[in-house]
Structure formats: structure tokens, C-alpha cells
Protein chains: 2
Amino acid sequence: METKKAIEKCEFLCVHEDVVREVLQTMPQEEILYDLAEFFKVFGDSTRIRILYALRETELCVCDIAGLLGLTQTAVSHQLRVLKSSKLVKARRSGKTVFYSLDDDHIHSILDMGIHHLRE
Amino acid sequence: METKKAIEKCEFLCVHEDVVREVLQTMPQEEILYDLAEFFKVFGDSTRIRILYALRETELCVCDIAGLLGLTQTAVSHQLRVLKSSKLVKARRSGKTVFYSLDDDHIHSILDMGIHHLRE
DNA sequence: TTATCATATGAATATCTGTTCATATGATAA
DNA sequence: TTATCATATGAACAGATATTCATATGATAA
């Protein structure tokens with residue numbers, strides 16, 4: 001009860017009303033922020049990041065990616081599915097083999113920015 | 001056993017050796033990719049993204065952020081801790097109040113890039 | 001000092017997510 | 001057709017993580 005009261009005090013009394021109102025007006029819509037978080041979330045897994053950087057130079061089949069990164073075919077396939085549904089990679093079928101590549105140059109520039117960021 | 005065999009065939013036989021070797025040479029170091037994934041992971045949560053965008057215009061105290069986003073003080077505090085240890089925000093104490101702000105302009109530009117990305 | 005407030009933190013819980021296992025699908029060759 | 005291969009997928013499991021609850025800390029004012 002003590003805690004509850006303290007929180008209520010905090011949330012409803014100590015807020016700087018004017019500042020909060022202003023920030024609320026300049027903030028992007030809730031939905032956009034959710035989408036943005038989802039977007040970053042895809043990059044926030046080391047397996048997916050490694051797959052993306054493997055695809056930076058050239059298209060690769062599932063087998064190549066698995067061998068290259070020391071992963072099982074299944075794990076790669078599942079992650080490629082995530083990357084594909086997020087429009088980060090696209091697939092091209094050639095007989096039994098499926099080649100994956102980065103979806104567009106936009107993804108390339110994001111990956112380059114990632115590298116650049118960590119160098120700072 | 002059938003499955004195991006198929007996987008081995010796939011991983012060790014169907015790999016395009018030359019392509020894989022070339023990609024391995026051009027890829028960033030493993031460690032860098034892990035760090036990069038960790039970096040993106042911080043942006044990959046809607047609560048943290050919302051906090052970051054709330055701080056894009058001005059510094060805010062914990063109370064303001066909680067009231068602004070409809071979160072408990074505790075949840076905000078925990079997430080600010082994550083953001084701070086990732087060097088995305090910094091804290092300034094003023095009496096009982098602690099004001100948080102984006103750590104540097106670099107973070108600003110990343111957030112702006114995020115907005116820009118979703119507009120495409 | 002004591003009381004109060006703003007914030008921080010540890011533990012527990014619940015949810016989410018990545019991998020594995022088993023199996024299915026789609027394509028080629030015999 | 002059947003056999004084989006490359007890939008995809010559903011279910012189960014395990015590990016990670018965000019929130020909540022209870023409490024602690026650090027600061028101000030009385």
C-alpha cells in the first residue's frame with residue numbers, strides 16, 4: 001500500500017505536465033514505434049545478423065549458409081523465413097536449390113551503417 | 001538416421017566451396033557481429049523505443065516517462081538501466097529527481113534513420 | 001533526527017523466441 | 001513411377017527477457 005501510494009504520487013503528481021504534453025505532440029504514432037521495434041528486433045539476433053552479412057556480397061543457398069556459419073539446415077531455414085517475411089531477404093529457386101539474397105540496396109546500407117556504428 | 005544423413009550430405013557435399021571461402025574472407029569478425037546484434041537488440045523492444053523517442057526532444061525524469069507512456073515507475077527504471085548500460089541514454093541528478101536524455105547526437109541520427117526507414 | 005519522495009534493484013513470474021527433432025514438400029534423375 | 005536431394009515446417013523444449021512485487025537507496029524538508 002505504501003508502494004502503491006508512492007507510485008500514484010509519482011505518476012500523477014510529480015509529472016511536469018507542460019513538458020509531457022509537448023513531447024506527446026512531437027512523438028511518432030504508437031503504431032509506428034511498435035513497427036520500428038519489430039524491425040530492429042529482426043536485426044537483434046546474432047544468427048540473423050550473421051546470415052545477413054553473409055549475403056552482403058553474393059546470393060547463397062541454404063546449404064552454403066549452414067556450412068559457412070556452422071549451423072544446421074533447419075535453423076537456417078527457420079531464420080530465413082523470418083528474414084523473408086520481414087522483407088530483408090528474397091528467394092530465387094533454381095531446381096532443387098533455393099538461393100537467398102538481400103532484398104534491396106536499402107538493406108545493404110543499413111548493414112553498412114551497422115559496421116560504421118561499431119567502429120566509433 | 002535418414003534425416004541425419006540428409007543433413008550431412010547437405011552441409012558437407014552440396015556447399016559451393018569457392019563461394020563460401022570468398023564470403024568468409026569478406027565477412028566482419030564474429031565478435032563484431034555479436035556486438036552488432038546486441039546493439040540492435042536494445043532497439044528491438046517497443047518500450048525502449050518509446051522511451052528513446054520520448055527523449056528525442058528533451059530530457060525527462062523517470063516520472064515523466066512513466067506518466068507519458070502509461071508505464072509503471074519500476075518498468076521504466078529497469079529499461080532505463082538497460083539503455084544506460086548500452087550508452088544510449090545518460091542520467092543527470094537534480095535533487096531527488098533524475099533526468100534522462102539521449103547520450104549523444106549519434107543516437108539522434110539513428111532514431112531519425114528509423115523513422116525514415118518506415119516511411120519507405 | 002524522522003518523514004517523505006523519486007528512483008533503483010533483487011527475486012519471482014510469465015511470456016517470448018531460437019533451436020532441435022521429426023517429418024513434409026517440391027524438384028530432379030533414373 | 002520411385003529414389004534421392006534441398007528445403008520447409010510443426011511441435012516440443014530450453015533459454016532469454018520484460019514486467020510486477022516488495023524493498024532498498026539517496027536526497028530533501030521539517
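Each chain gets a letter, A, B and so on, in the order the sequences are listed, and its residues count up from 1.
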- Query: Under 4.0 Å: is that the gap between some side-chain N or O of Thr72(B) and OP1 or OP2 of dT20(D)?
  - Reply: yes
- Query: Do Arg93(B) side-chain atoms and Gly95(B) backbone N/O form a donor-acceptor pair below 3.5 Å?
  - Reply: yes
- Spell out yes or no: do the side chain of Gln73(A) and the base of dA8(D) have one donor N/O and one acceptor N/O closer than 3.5 Å? yes
- Mind checking Thr97(A) for me? I need base, sugar-phosphate or nothing, with any heavy atom below 4.0 Å counting as a touch. sugar-phosphate
- Task: Report yes or no: does Tyr34(B) contribute a side-chain atom to a donor-acceptor pair with the main-chain N or O of Ser46(A) at less than 3.5 Å?
- Result: no
- Message: What is the separation between atom CD1 on Ile65(B) and atom P on dA8(C), rounded to the nearest whole Å?
- Response: 9 Å
- Message: Between C1' on dG18(C) and CD1 on Ile51(A), what's the gap in Å once rounded to a whole number?
- Response: 11 Å
- Message: What is the distance, to the nearest angstrom, from the OH atom on Tyr34(A) to the C1' atom on dC16(C)?
- Response: 15 Å
- With respect to the phosphate group of dA8(D), does any side-chain polar atom (N or O) of Arg81(A) fall under 4.0 Å of OP1 or OP2? no
- Measure the acute angle between the ring planes of Phe40(B) and Phe40(A), then classify it against the limits of 30° and 60° as parallel, tilted or perpendicular. parallel
- Message: If you count every heavy atom of other residues, nucleotides or ligands that lies below 6.0 Å from Arg92(B) atom CZ, does the total exceed 12?
- Response: yes
- Note on the structure: Glu59(B) atom CD is separated from dT7(C) atom P, nearest whole Å, by 12 Å
- Message: Evaluate Leu111(A) against Leu102(A) for side chain to side chain contact (heavy atoms under 4.5 Å, CB included), listing each step before the verdict.
- Response: CA-CA 10 Å; Leu111(A) 295 182; Leu102(A) 299 186; 3.9 Å; yes
- Here the distance between atom P of dA8(D) and atom CZ of Phe99(A), to the nearest Å, is 12 Å
- Message: Looking at Asp104(B) and Lys90(B), is there a salt bridge between them, counting it only when a charged N and a carboxylate O are closer than 4.0 Å?
- Response: no
- Item | Distance, rounded to the nearest Å, where Leu83(A) contributes CG and dT9(D) contributes C1' | 16 Å
- Within-4.5 Å side-chain heavy-atom neighbours: Glu57(B) and Glu22(A): no
Collect all protein-nucleotide pairs involving nucleotides 27-30 of chain D in which both atoms are nitrogen or oxygen and the distance is under 3.5 Å.
none

- Nucleotide by nucleotide, nucleotides 12-18 of chain D touches protein heavy atoms under 4.0 Å in the pattern (B base, S sugar-phosphate only, - none) -----SS
- Is there a donor-acceptor pair closer than 3.5 Å between any side-chain N or O of Thr72(B) and the backbone N or O of Ala75(B)? yes
- Query: Measuring from Glu31(A):CD to Asp35(A):CG, what's the distance to the nearest 0.5 Å?
  - Reply: 5.5 Å
- Message: Could you tell me how far apart Phe43(A) (CZ) and dT17(C) (C1') are, to the nearest whole angstrom?
- Response: 18 Å
- Message: So for His78(B) and dT20(D), does any side-chain atom that can act as donor or acceptor lie under 3.5 Å from a complementary atom in the base?
- Response: yes
- Message: If you compare all heavy atoms of Leu36(B) against all heavy atoms of Ile115(A), which two are closest, and at what distance to 0.1 Å?
- Response: CD2-N, 4.5 Å
- Message: Are the side chains of Leu71(A) and Gln79(A) in contact, using a 4.5 Å heavy-atom criterion?
- Response: no
- Query: Quick one: is dA6(D) close enough that its OP1 or OP2 comes under 4.0 Å of any side-chain N or O from Tyr100(A)?
  - Reply: no
- Query: Just by distance, do the side chain of Ser86(B) and the backbone of Val82(B) share a donor-acceptor pair under 3.5 Å?
  - Reply: yes
- Task: Write out the stems for DNA chain C, ordered by first number and formatted as range with range, counting runs of at least 3 consecutive Watson-Crick or G-U wobble pairs under 3.5 Å.
- Result: C:1-30 with D:1-30
- Item | Closest to side chain of Cys63(B), choosing from dT7(D), dA6(C), dT20(D) | dA6(C)
